[in-house]
Protein chains: 2
Amino acid sequence: MSKRTALNEEDVCSAIRDRVLEQRLAPGTKLTEESLCSIFGVGRTTVRRAFLLLTRDNIIELEKNKGAVVASPTPEDARQVFEARRVLEQAMLEKATANINGDDIKRLRDHLRDEEEALRQADIARWIRLTGRFHILLAQLSGNALMCKFLEQLVFQTSLIIALYGRTGTAPNCKGGDHERLVDALEDGDTKTAGEILTHHLTTIESQLVFKARSSEQDLHTIFATAND
Amino acid sequence: MSKRTALNEEDVCSAIRDRVLEQRLAPGTKLTEESLCSIFGVGRTTVRRAFLLLTRDNIIELEKNKGAVVASPTPEDARQVFEARRVLEQAMLEKATANINGDDIKRLRDHLRDEEEALRQADIARWIRLTGRFHILLAQLSGNALMCKFLEQLVFQTSLIIALYGRTGTAPNCKGGDHERLVDALEDGDTKTAGEILTHHLTTIESQLVFKARSSEQDLHTIFATAND
DNA sequence: TTTAGCAACATTGTCAACAATTTAATGGCT
DNA sequence: AGCCATTAAATTGTTGACAATGTTGCTAAA
């Protein structure tokens with residue numbers, strides 16, 4: 001008799017967040033209360049609370065009397081997310097180099113091994129989740145839980161952004177061994193190089209986004225405007 | 001017949017946030033649902049939602065079956081808040097100098113005038129609120145709403161920290177004309193000096209905190225320990 | 001065929017009653 | 001008085017019914 005303790009709103013939140021991180025929940029997906037209630041076996045109250053929290057983190061959008069949909073960050077949102085990530089992660093990396101020790105390096109190495117393994121097993125969802133988690137792991141070394149929490153939000157939003165504007169949709173966000181080389185530099189105590197790799201890493205990902213036109217009112221206007229000349 | 005539209009959870013949130021910013025709501029203050037319901041004329045549902053949001057912003061602490069109290073940041077929290085503020089505000093200031101124009105400077109000047117006037121009228125609550133808002137106003141010039149929102153959280157938390165650990169409790173957090181000199185430097189396009197003033201400003205405030213012992217179990221142990229030798 | 005209006009349905013929002021828990025108060029007892 | 005247990009009051013948590021709103025599908029008229 002498995003005494004299953006009732007799930008709370010945090011559980012629902014992190015479940016949804018994980019699906020977003022894995023890109024198994026696409027932007028725009030409608031989230032009805034009823035379906036989530038039955039999926040997680042919780043009451044509407046809990047789902048409702050989860051919605052409120054996820055809205056705060058820009059993971060879903062809540063419209064009065066219309067319910068919740070997975071957020072669709074605009075190109076401008078994307079710009080701000082990457083700008084914030086460069087600022088935060090750079091700063092946190094510098095803080096981290098002060099506190100870092102052998103155990104930390106080992107933990108990063110272990111994580112990299114997990115990434116590779118997921119990739120080898122073609123478990124893409126897991127791999128995507130892990131590449132996101134790498135940045136959070138790195139942030140935790142800074143010793144600033146507050147900034148860490150904020151970065152988490154940004155990582156989740158990045159996943160939505162890549163889902164919307166990523167070149168191939170799922171695959172190549174954190175490839176190219178950037179993570180490995182970053183850890184190498186960290187181990188050598190070469191903060192400067194580590195910072196450069198990190199910034200370049202983020203800028204590269206951002207530069208590969210393609211803001212193609214999407215179906216919306218705005219785009220309809222554009223379409224008819226161009227058809228008129 | 002003033003058709004007063006019903007307040008929602010955001011209204012309740014910002015009302016509470018403002019009181020925290022003004023330091024009229026001290027850390028540890030109990031917030032009962034009933035009292036807030038009657039004060040704002042809303043149902044328990046709304047208050048409850050507001051609580052959830054405020055918890056997310058570290059403005060109140062919510063304990064199961066025990067209700068909500070205004071948050072009491074620890075000294076470590078304080079350290080992280082100021083560290084994050086230095087990082088964020090510095091970065092946002094740099095972004096701001098790229099976009100800034102005459103209107104922006106004028107808006108800052110107007111704000112400074114408001115600050116002075118509040119101080120002259122001895123409207124301390126208003127003055128405290130304005131000094132906090134100055135930093136938010138500055139952040140808005142960066143053109144990054146995301147980082148701006150995060151900084152807002154930090155400013156509110158700073159108010160709690162000063163209420164707890166500030167030397168005189170209410171008065172001298174943002175004095176000394178630092179704000180004026182900062183705007184001067186901005187107007188001259190002297191980003192470097194502006195940045196130095198800002199960082200120094202924050203570091204000064206932090207260094208003036210005094211983490212005196214507070215009444216709690218931990219402190220009781222300490223007190224009796226020192227009495228034993 | 002298209003469109004406007006209407007009706008049936010589904011989903012979300014609100015509220016009040018009830019349950020669970022904590023906090024305050026009462027009353028013996030040493 | 002001071003302390004502990006028990007009871008009463010107050011506060012928070014949860015649930016379900018109902019109201020408000022949005023959505024879908026249908027009919028009929030142009």
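Lettering of chains follows the sequences in order, A, B, ..., and the numbering in each one begins at 1. Only heavy atoms go into these numbers, but all of them, side chains included; no hydrogens, no water, no symmetry mates.
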Nucleic acid contacts of residues 50-61 of chain B, taken as heavy-atom distances under 4.0 Å to DNA chain C: none
At a heavy-atom distance below 4.0 Å, which nucleotide of DNA chain D is the first touched by chain A, and which is the last? D:dT14 to D:dT23
Could I get the full list of ring pair (Phe, Tyr, Trp, His ring centres under 6.0 Å) partners for A:Phe51, not counting sequence neighbours? none
Between A:Asp110 and A:Lys106, does any NZ, NE, NH1 or NH2 come within less than 4.0 Å of an OD or OE carboxylate oxygen? yes
Heavy-atom pair with the smallest gap, counting every atom of B:Thr46 and B:Val12: CG2-CG2, 4.3 Å
Just to verify, which of A:His135, A:Arg85, A:Gln153 counts as forming a side chain to side chain donor-acceptor pair (under 3.5 Å) with A:Thr158? A:Arg85
Is atom CZ of A:Arg24 surrounded by more than 12 heavy atoms (other residues, nucleotides or ligands) closer than 6.0 Å? no
Let me check the geometry of the helix from C:dT1-D:dA30 to C:dT30-D:dA1. What is the bend angle between the axes at its two ends, five pairs each, to 10°? 10°
Relative to the ring of A:His201, is the ring of A:His179 parallel (under 30°), tilted (30 to 60°) or perpendicular (over 60°)? perpendicular
Residues at least two apart in sequence or cross-chain that pass salt bridge (Lys or Arg N to Asp or Glu O under 4.0 Å) with A:Arg19, listed by chain then number, are none
Could you tell me whether B:Arg79 and B:Glu76 make a salt bridge, using a distance below 4.0 angstrom between a side-chain N and a carboxylate O? yes
Of all the heavy-atom pairs spanning A:Ser159 and A:Gln23, show the shortest one and how long it is. O-NE2, 3.3 Å
Return the polar atom pairs (N/O with N/O) between nucleotides 14-20 of chain C and the protein under 3.5 Å, or none.
unit_1	atom_1	unit_2	atom_2	d
C:dT14	OP1	A:Lys64	NZ	3.4
C:dT14	OP2	B:Arg49	NH2	3.2

Do B:Glu206 and B:Arg86 have side chains that get closer than 4.5 Å, going by heavy atoms? yes
I need the B:Thr55 OG1 to B:Leu62 CG distance, nearest 0.5 Å. 4.0 Å
In plain terms, say whether A:Asp57 and A:Arg17 are close enough for a salt bridge, that is, a side-chain N and a carboxylate O under 4.0 Å apart. yes
